[in-house]
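Atom set for the values below is all heavy atoms of this structure, side chains included, hydrogens, waters and symmetry mates excluded.
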Amino acid sequence: MQYDQIDARILEVVQKNNRLTSEVIGEMVGLSATACQRRLKRLRSEGIIEGDVSIVSPKAVGRPIEMIVLVTLERERADIIDKFKKAIKSSAEVVNGFYVTGDADFVVYISARSMDDYEKFTRQFFYQNSDIKGFKTMVILDRVKAAFAVPIEIPSDD
């Protein structure tokens, strides 16, 4: 998966606002709308652009309680790890999930309507899973930044 300087500029633009038209993006990076569309299609098909999303306020949709949870598994075996990854992907309450190194095996970001709902979730998702050794919950007091943008390295002309 390689990209050039123009692709890098397109990536910077769409990370800030993915609702811009190909015409507008093309003008910003010096391409025609058609050439811009072709590049966007290639960036998506090659997996450089993984998705186009809107960041929704959890509070605005009735899920004001947000937590980061560190999860430790009983054993680190491929089948157990894969099973837990599948559980993360299938849970609506888990907004983001990461398989990590360090003291925990996974870090998950969860939203809930209330602490009562979170307790019900923990009973079902964590306590009923015999592969989980333990979990530690950190309640988010203030979401300081919510973004998915990553710094884009601009390739050199070499």
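- Applying the salt bridge (charged side-chain N to carboxylate O under 4.0 Å, His left out) criterion to E119, with sequence neighbours excluded, gives R123.
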Criterion salt bridge (Lys or Arg N to Asp or Glu O under 4.0 Å) on D4 and R9, from CA distance to verdict: CA-CA 9 Å; D4 61 19; R9 291 200 311 258; over 6 Å; no

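- Here D7 pairs with R42 in a salt bridge; the nearest charged N to carboxylate O distance falls below 4.0 Å.
- Of all heavy-atom pairs between N17 and R19, the closest is OD1-N, 2.9 Å.
- The aromatic ring centroids of F125 and F84 lie less than 6.0 Å from each other.
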Distance-only donor-acceptor hits, side chain of residues 128-153, under 3.5 Å, sequence neighbours excluded:
{"from": "N129", "atom 1": "OD1", "to": "D131", "atom 2": "N", "distance (Å)": "2.9"}
{"from": "D131", "atom 1": "OD2", "to": "K83", "atom 2": "NZ", "distance (Å)": "3.2"}
{"from": "T137", "atom 1": "OG1", "to": "Y118", "atom 2": "OH", "distance (Å)": "2.6"}

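- D82 places no side-chain N or O within 3.5 Å of a backbone atom of D79 that could act as its donor or acceptor partner.
- Looking at every heavy atom in both residues, S114 comes nearest to I65 through CA-CG1, 3.8 Å.
- Of all heavy-atom pairs between A8 and P155, the closest is CB-CD, 4.1 Å.
- Both I80 and V69 belong to a common hydrophobic cluster when Ile, Leu, Val, Met, Phe, Trp and Tyr are linked at side-chain heavy-atom distances under 4.5 angstrom.
- Transitive grouping of hydrophobic side chains (ILVMFWY, heavy atoms separated by less than 4.5 Å) brings M115 and F121 into a common cluster.
- None of R38, R39, E23, Q37 except one satisfies the side chain to side chain contact (heavy atoms under 4.5 Å, CB included) rule with L31; the exception is R39.
- For M67 against A112, the heavy-atom pair with the smallest separation is CE-CB, 4.2 Å.
- Taken to the nearest 0.5 Å, the OG atom of S32 stands 11.0 Å off from the CD atom of E27.
- A distance-only check finds a donor-acceptor pair linking the side chain of S90 to the backbone of K86 [under 3.5 Å].
- Within the model, atoms OG of S91 and CD of Q124 stand 7.5 Å from one another, a figure rounded to the nearest 0.5 Å.
- For the atom pair CG of L43 and OG of S45, the computed distance is 8.0 Å after rounding to the nearest 0.5 Å.
- Put simply, V29 and V24 are part of the same group of oily side chains (I, L, V, M, F, W, Y) that touch within less than 4.5 Å, one to the next.
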Verdict with supporting geometry, D52 and V14, side chain to side chain contact (heavy atoms under 4.5 Å, CB included): CA-CA 9 Å; D52 296 289; V14 297; 5.6 Å; no

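- Grouping the Ile, Leu, Val, Met, Phe, Trp and Tyr side chains by contacts below 4.5 angstrom, directly or via other members, places I6 with L40.
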I'd like a table of donor-acceptor pairs (distance under 3.5 Å, sequence neighbours excluded) in which one partner is a side-chain atom from residues 98-109, with atom names and distances.
{"from": "Y99", "atom 1": "OH", "to": "E76", "atom 2": "OE1", "distance (Å)": "3.3"}
{"from": "D105", "atom 1": "OD2", "to": "L73", "atom 2": "N", "distance (Å)": "2.6"}
{"from": "Y109", "atom 1": "OH", "to": "E66", "atom 2": "OE2", "distance (Å)": "2.2"}

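- Connection of I49 to I25 is established within a shared hydrophobic cluster, with ILVMFWY side chains joined at heavy-atom distances below 4.5 Å, either directly or through further cluster members.
- Without hydrogens or angle criteria, R63 side chain to S111 main chain gives a donor-acceptor distance under 3.5 Å.
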